[in-house]
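Data block below; observations after.
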Amino acid sequence: MGGGGGVGLEVELSRGAVAAILRMAEGLRPVLQVADSPRLAARAAAQRYRILLSDSVHSHEGVLAVSMNHLISDGSLRRGAVVRVLDYICTIVQGRRVIVVIQLEILRTDCTLIGDPTIYEATPTQPFCVSYSGGLGNHESCFLPGSQEVFGNLSCFSDQGMLDSSFGPRAEHTVCNLQYGGSCGSVLPLNTVDAKVQQLSLDDHHQNQRWTIKARVTVKTDLRHYQNARGTGKVFSFDLLDAKGGEIRVTCFNLQVDRYFDLIEVDKVYLISRGIVKPAHKKYYPLNSDYEIYADDSTFIEVCSDDDCSIPKQQYAFQQISEIENMENGSLVDLLGVVTLVSPSATITRKDGTGTQKRTLHLKDMSGRSVEITLRGKFCDGEGQVLQRHYDSGSSSVLAVKGGRISDFSSRFVVTISSTQLKVNPDFPDAERLRQWYLTEGKTAACISLSQEMSSFTRNHVPKTIAQIKDESLGQSGKPDVITVRATISHVNANNFCYPACTLEFNGKQCNRKVTKSNEGAWHCDRCVLDVPKCEYRYLLMCQLQDHTGVTYATAFQEAGTKIIGYSAEELFNLREQDEAKWEEIMLQVCRQEYLFKLNITEENLYGETRAKCNIVGVEKLDALATNHHLLEEMETARALV
DNA sequence: CCCCCCCC
């Protein structure tokens with residue numbers, strides 16, 4: 001690949017980008033084998049995701065062809081430059097070649113020459129872990145008079161330097177396992193707390209532990225009373241952070257509550273010894289230890305007389321928002337971002353019928369992405385209200401989220417759970433840096449929301465052409481196929497774009513079955529066996545999709561229909577009654593658009609003949625993306641040149 | 001030994 005005069009660049013791609021490329025290459029089999037691009041395959045296998053990209057014009061072999069014309073022609077890149085991929089799109093051209101268009105952040109333009117490309121050896125990546133202390137961080141170890149042993153002095157990160165590398169080329173796909181593992185990438189051999197506790201739990205079943213933790217309390221729960229089969233009780237817990245980044249939770253019940261609840265204050269440093277050490281239930285444990293401590297009669301906690309300023313107040317392992325799509329659903333994440341939108345608090349009803357509060361924010365960071373954050377419960381009226389006030393007054397807040405939970409609905413978002421911590425306008429350097437970035441450039445910079453962007457939309461996607469739906473008998477293997485196609489809408493069944501739907505509740509959801517006019521001007525639902533005075537018009541939009549390989553029919557229901565048309569079905573229904581010309585215009589506009597569709601293909605029996613039935617379960621307008629980051633324009637140029 | 005993460 002990239003022979004002769006092609007401009008070779010070493011580029012680190014995010015895991016998502018490489019996965020997408022490999023999937024596209026898969027789709028090309030047997031025309032092209034993945035092995036045709038040994039470098040790509042090798043890197044991916046080594047989990048390094050570092051590949052060589054070449055200018056498409058000069059590339060005649062291999063899977064990849066990359067358009068970097070603009071960068072090269074304007075002289076901003078030279079051979080050997082170091083760049084980071086901010087965004088990318090992939091497409092298949094002429095049914096056999098994958099084009100990847102990437103949006104690069106140029107980190108260095110004047111690196112030493114790469115020379116002939118060589119395959120990289122996998123080396124550990126550095127995690128993006130940063131801790132912030134209120135004071136100056138000196139790293140003196142502290143031995144305590146009277147305690148047999150002090151532990152909890154091992155760092156998750158080697159001292160300084162991390163801050164600078166935090167937005168460097170490697171940060172984009174670093175994962176810091178602070179939340180789940182005792183170790184942090186491969187930088188940290190062992191966490192002290194873990195190491196010691198592990199030893200203790202192995203050879204000391206009698207709680208005559210000889211350990212003392214010197215640590216700062218980062219968070220403390222309210223006192224809670226409970227009642228269960230064993231009777232009643234009270235409980236509270238607090239989290240500890242030591243000078244080297246070790247974290248562990250201490251839980252106190254009943255008598256221990258009486259002894260320690262008032263003593264424990266957030267931000268204070270304590271010496272803690274003796275107690276029951278148990279493996280933590282990692283699923284709900286946001287700290288980096290594998291263990292937690294239960295205070296018992298032998299536990300001893302005292303305030304440390306000297307506030308050890310080498311222990312930070314809180315420790316974060318910030319991830320870039322752009323990385324969220326690559327992280328596991330349900331995992332916990334720390335984020336630092338500017339709040340760009342605050343929506344009012346709303347009451348939602350849980351499945352069991354009880355009510356609760358939610359409030360959504362948009363958070364944007366220097367990766368150029370934004371993500372929706374859902375605040376729940378106490379956060380709605382607490383930090384949520386503060387953020388709302390700032391937002392209403394036009395000031396931009398920086399928000400640090402510790403331990404937010406990654407969730408998936410129609411796209412990735414982050415939700416607070418009870419152990420999540422929020423800090424509005426935190427006073428550490430990165431927060432100030434972020435604010436400055438936002439005020440000078442970030443505010444106006446093109447921003448791709450995780451809920452809009454293609455890479456999120458196409459997460460785990462299988463890109464196909466329309467011809468492949470028939471050729472490969474998609475949907476007919478007994479289970480549905482989910483694919484993405486890039487196509488225009490060549491025709492819509494405009495006259496029957498919607499149907500009257502039942503608004504009653506059925507199985508905890510809106511019924512949505514088609515209703516028919518009953519005698520008294522009411523609507524009747526056959527499923528609910530009831531008459532209702534009002535119906536709701538919902539989309540059932542038959543679309544003819546077309547790409548360069550053929551046409552197919554696909555149905556868009558409410559969500560996809562709204563996205564395609566830009567009006568709700570109700571609005572469009574009313575519009576047709578009031579202004580038919582306008583309605584017609586809207587319907588016609590749809591047909592010039594190019595979209596990326598996510599199709600769910602199942603089998604359908606029609607007149608004794610089985611055929612594919614396509615439902616549009618996701619849709620992205622492609623010109624919106626183009627105005628965002630010009631990638632598609634690049635794509636067109638590249639297509640034309642191939 | 002307690003919560004165990006919610007809504008579209």
Side-chain angles (χ1 to χ4, degrees), chain A residues 179-180 207 219-239 249-261 264 275-287 291-299 328-333 343-361 372-380 384 401-422 450-451 501 503 505-512 536 538 557-560 562-563 568 617-618:
Chain A
Q179 294 92 344
Y180 288 127
Q207 271 91 60
V219 68
K220 172 191 176 184
T221 68
D222 291 334
L223 174 59
R224 213 163 41 78
H225 293 265
Y226 63 90
Q227 184 166 9
N228 61 20
R230 286 170 223 196
T232 60
K234 51 187 174 179
V235 62
F236 88 104
S237 63
F238 53 96
D239 293 351
R249 176 169 296 172
V250 181
T251 304
C252 298
F253 290 93
N254 305 317
L255 278 176
Q256 276 61 252
V257 171
D258 297 336
R259 285 168 75 185
Y260 299 121
F261 187 78
I264 297 299
I276 301 161
V277 173
K278 285 198 175 178
H281 192 332
K282 298 301 283 181
K283 192 179 170 197
Y284 304 108
Y285 195 66
L287 307 183
Y291 295 89
E292 53 188 322
I293 295 167
Y294 289 78
D296 67 4
D297 291 343
S298 72
T299 298
E328 199 182 328
N329 187 23
S331 61
L332 300 175
V333 65
S343 69
S345 196
T347 304
I348 53 169
T349 311
R350 296 194 188 100
K351 277 179 189 138
D352 67 5
T354 60
T356 182
Q357 297 290 106
K358 88 158 184 180
R359 189 197 278 275
T360 54
L361 317 171
E372 187 175 299
I373 312 279
T374 302
L375 304 190
R376 285 182 167 282
K378 62 180 177 183
F379 296 115
C380 290
V401 180
K402 183 173 171 62
R405 184 179 217 223
I406 292 176
S407 303
D408 248 334
F409 183 55
S410 55
S411 63
R412 279 279 153 95
F413 68 104
V414 171
V415 60
T416 64
I417 57 175
S418 63
S419 61
T420 301
Q421 290 168 251
L422 300 179
L450 288 193
S451 59
T503 56
E505 192 178 299
F506 190 87
N507 277 345
K509 287 181 183 166
Q510 187 168 315
C511 169
N512 287 339
E536 183 198 10
R538 295 176 70 87
F557 291 100
Q558 186 74 339
E559 199 189 334
T562 307
K563 226 167 157 189
S568 72
V617 293

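Convention: sequence-line order gives letters A, B, ...; per-chain numbering from 1.
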Just checking [X]: base, sugar-phosphate only, or nothing, at a heavy-atom cut-off of under 4.0 Å?
X        : value
A/Arg405 : sugar-phosphate
A/Tyr294 : base
A/Asp352 : nothing
A/Lys351 : sugar-phosphate
A/Thr251 : base
A/Arg230 : sugar-phosphate

Identify whether a stacking contact exists between A/Tyr226 and B/dC3, where the ring centres must be under 5.5 Å apart and the planes under 30° apart.
no

Kindly state whether the pair A/Phe253 / B/dC1 counts as stacked, where counting means centroids closer than 5.5 Å and planes tilted less than 30° apart.
yes

By salt bridge (charged side-chain N to carboxylate O under 4.0 Å, His left out) - contacts of A/Glu536 (at least two apart)
A/Arg538

Could I get the full list of salt bridge (charged side-chain N to carboxylate O under 4.0 Å, His left out) partners for A/Arg405, not counting sequence neighbours?
none

Spacing between [X] atom [atom1] and [N] atom [atom2], to the nearest angstrom:
X        : N     : atom1 : atom2 : value
A/Asp296 : B/dC1 : CG    : P     : 13 Å
A/Leu332 : B/dC5 : CG    : C1'   : 10 Å
A/Asn254 : B/dC2 : CG    : P     : 11 Å
A/Ile348 : B/dC5 : CD1   : C1'   : 12 Å
A/His281 : B/dC3 : NE2   : P     : 13 Å
A/Gln227 : B/dC3 : CD    : P     : 11 Å
A/Arg538 : B/dC8 : CZ    : P     : 13 Å
A/Glu505 : B/dC8 : CD    : P     : 9 Å

Would you say the side chain of A/Thr347 lies within less than 4.5 Å of the side chain of A/Gln357, judging by non-hydrogen atoms?
yes

On the 0 to 90° scale, with breaks at 30° and 60°, tag the A/Phe253-A/Tyr294 ring pair as parallel, tilted or perpendicular.
parallel

Hey, is the side chain of [X] pairing donor to acceptor with the base of [N] inside 3.5 Å?
X        : N     : answer
A/Lys358 : B/dC7 : yes
A/Ser418 : B/dC5 : yes
A/Arg224 : B/dC2 : yes
A/Arg376 : B/dC7 : yes

Between A/Leu422, A/Thr360, A/Val401, which is the residue that forms a side-chain contact (heavy atoms from CB on, under 4.5 Å) with A/Leu375?
A/Leu422

Do side-chain atoms of A/Ser345 reach the backbone of A/Arg359 as a donor and acceptor pair under 3.5 angstrom?
no

Within the pair A/Lys278 and B/dC1, is there a side-chain N or O less than 4.0 Å away from OP1 or OP2?
yes

